[in-house]
Each structure stands twice: as structure tokens, then as C-alpha cells.
Amino acid sequence: AILEAEQAKGGMESDEKLLRVSGQSIAFYELPPKTQELKDLIKASSALKGILSGIPDQIEDRTKFLGIIRDIASAIKNLLDAINAVATENAALVKSQKNNLE
């Protein structure tokens with residue numbers, strides 16, 4: 001829905017629009033930050049979304065873009081660690097939100 005709204009505005013390519021809006025939060029997919037693990041997950045996902053949304057501005061500069069790729073790899077590792085912590089420590093809460101996450 002977000003991409004469709006951005007496409008209606010015209011201008012940029014779809015992939016560029018998707019990257020630019022990737023930093024936006026989507027309330028439907030948000031989990032309530034009830035535990036520290038969930039807070040860490042939200043922080044890690046926001047960091048990754050922020051990096052991804054900056055790609056269109058940095059892609060022309062090869063050196064900066066290679067730096068972004070390293071940042072993305074690090075952010076993905078942090079996100080996976082946070083997901084593992086949530087799955088391990090908050091199984092009941094995640095199960096209650098399973099339908100939204102799928």
C-alpha cells in the first residue's frame with residue numbers, strides 16, 4: 001500500500017521509491033515494546049530501515065555505497081540477533097501476534 005501510494009505520485013523508479021519509504025513505520029506490523037528484547041528488536045529494525053532508506057542518496061558514490069553495504073550486513077546481523085532473543089524470551093507474546101507477522 002505504501003509503495004502504491006508513492007507510485008501514484010510519479011517521478012522516481014519503483015525500487016528507489018521503495019527504498020526511500022523503507023524507513024517509515026507501519027503500525028500494523030509493530031509489536032508493543034513490552035520487554036527489553038522487543039525494544040532491542042524495534043531499535044535494530046529501525047536502524048536497518050534507516051540505512052536502507054539512504055541507499056538512493058549514496059548509490060552514485062561507489063566508496064560510500066560500499067560502506068553502506070557493510071553497514072547493511074552489520075545491521076542485518078544485529079536484527080537477526082534481536083529476533084533470536086525475542087523468539088527465545090518472548091515466545092508467548094510472539095505467538096499472540098503471529099497472524100499479523102505472517
Side-chain angles (χ1 to χ4, degrees):
I2 292 175
L3 182 57
E4 292 168 354
E6 288 298 316
Q7 285 177 326
K9 294 178 185 176
M12 298 175 263
E13 295 291 325
S14 295
D15 54 351
E16 182 178 353
K17 287 180 184 183
L18 184 58
L19 285 168
R20 288 190 184 279
V21 300
S22 67
Q24 297 178 5
S25 294
I26 302 172
F28 182 76
Y29 295 110
E30 291 181 3
L31 292 171
K34 294 180 179 180
T35 66
Q36 186 59 47
E37 294 84 12
L38 288 171
K39 290 175 186 174
D40 293 343
L41 176 60
I42 292 166
K43 182 179 176 184
S45 67
S46 294
L48 178 57
K49 291 190 304 184
I51 293 168
L52 292 174
S53 68
I55 288 175
D57 296 327
Q58 304 296 329
I59 200 162
E60 297 298 324
D61 184 332
R62 188 175 194 278
T63 304
K64 287 182 181 179
F65 185 64
L66 291 174
I68 287 177
I69 291 172
R70 286 187 288 275
D71 293 344
I72 290 169
S74 176
I76 289 172
K77 181 195 177 301
N78 293 339
L79 182 62
L80 290 173
D81 289 345
I83 290 169
N84 187 44
V86 168
T88 303
E89 302 297 326
N90 301 278
L93 180 62
V94 171
K95 187 175 181 180
S96 71
Q97 296 289 323
K98 185 179 177 184
N99 290 338
N100 285 350
L101 296 172
E102 290 178 340

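Position 1 is the first residue of the sequence, and the numbers go up from there. Keep in mind that what you see is a predicted model, and the values were worked out from it rather than measured. Computed over heavy atoms, backbone and side chain alike; hydrogens, waters and symmetry mates excluded.
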Residues 51-69, side-chain donor-acceptor partners within the protein, below 3.5 Å, at least two apart:
unit_1	atom_1	unit_2	atom_2	d
S53	OG	K49	O	3.3
S53	OG	G50	O	2.9
D57	OD1	R20	NH1	3.0
D57	OD1	R20	NH2	3.1
D61	OD1	T63	N	3.1
D61	OD1	K64	N	3.3

Test side chain to side chain contact (heavy atoms under 4.5 Å, CB included) applied to I76 and I72, step by step: CA-CA 6 Å; I76 289 172; I72 290 169; 3.7 Å; yes
E89 CD to N84 CG distance, which is reported to the nearest 0.5 Å: 9.5 Å
By side-chain hydrogen bond (donor to acceptor under 3.5 Å, both in side chains) - contacts of D40 (at least two apart):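 Expected list: Q36.
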All side-chain hydrogen bond (donor to acceptor under 3.5 Å, both in side chains) counterparts of S74, not counting sequence neighbours: none
Qualifying salt bridge (charged side-chain N to carboxylate O under 4.0 Å, His left out) pairs with a residue from residues 68-79, counting only residues at least two apart or across chains: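 Sorted result for residues 68-79: K77-D81.
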Contacts of A85 that satisfy side-chain contact (heavy atoms from CB on, under 4.5 Å) - sequence neighbours left out: E37
Atom of L79, atom of A44 and distance for their closest heavy-atom approach: CA-CB, 3.9 Å
Hydrophobic cluster identity match, I42 and I83, side-chain contacts under 4.5 Å: no
